Amino acid sequence: MGARRGRRRGGAVGLWGAVLLLPLVDVGLAVWFLAGPVVHDALLAPPFGGVGLAVARWVPAPRRTPVVVGGVLSGVLVAVAAVWPGVAAAGWWAGRRRRARGRAGE
């Protein structure tokens, strides 16, 4: 009986979160949520899977783990370095637009 009650409460909390999120949802957010998995599955996963298979086939077993760990860490660093400037620029641009709208409404 306790597990059912916990599931109901969890479902209620999830629904309440969805209700609170609805005013924030716009087309851009929906496109972002839908396009992210599509871009990942269509563009990013196949080449990285191929590289993983190549590493598994050509690198000797005793050296495979360090090579894979190094590759993953390097990939994360490159991803952060490539994405971070775009995220920072988007935040800067959004703040600039908000300030401009505030002045125009005065």
Side-chain angles (χ1 to χ4, degrees):
M1 185 87 133
R4 286 186 193 165
R5 193 175 311 144
R7 285 188 202 130
R8 287 186 195 135
R9 287 181 183 158
V13 169
L15 285 174
W16 180 245
V19 166
L20 293 176
L21 184 65
L22 281 176
L24 304 175
V25 174
D26 61 350
V27 174
L29 183 65
V31 167
W32 185 79
F33 269 111
L34 295 174
V38 171
V39 167
H40 174 269
D41 292 347
L43 298 177
L44 297 176
F48 285 103
V51 169
L53 286 173
V55 167
R57 180 169 291 186
W58 290 322
V59 175
R63 297 200 174 138
R64 192 173 298 150
T65 301
V67 169
V68 169
V69 169
V72 168
L73 293 177
S74 297
V76 168
L77 289 174
V78 167
V80 168
V83 171
W84 191 258
V87 170
W92 173 82
W93 184 251
R96 185 175 172 160
R97 288 179 58 198
R98 267 188 246 120
R99 284 192 300 273
R101 272 192 235 139
R103 287 188 203 133
E106 292 177 347

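Counting begins at 1 with the first residue of the sequence. Note that the structure is a prediction, hence the values are computed from the model and not measured.
No continuous path of hydrophobic side-chain contacts links Val39 to Val31 [ILVMFWY only; heavy atoms under 4.5 Å]. Residues Val72 and Val55 fall within the same hydrophobic cluster, defined by Ile, Leu, Val, Met, Phe, Trp and Tyr side chains chained together at heavy-atom separations under 4.5 Å. Transitive grouping of hydrophobic side chains (ILVMFWY, heavy atoms separated by less than 4.5 Å) brings Val59 and Val51 into a common cluster.
The heavy-atom pair separating His40 from Pro46 by the smallest distance is O-CD, 4.5 Å.
In the hydrophobic clustering, where aliphatic and aromatic side chains (Ile, Leu, Val, Met, Phe, Trp, Tyr) are joined below 4.5 Å either directly or transitively, Trp16 groups with Val19, Leu20. Cluster partners of Leu73 are Val69, counting Ile, Leu, Val, Met, Phe, Trp and Tyr whose side-chain heavy atoms approach within less than 4.5 Å, directly or via other members.
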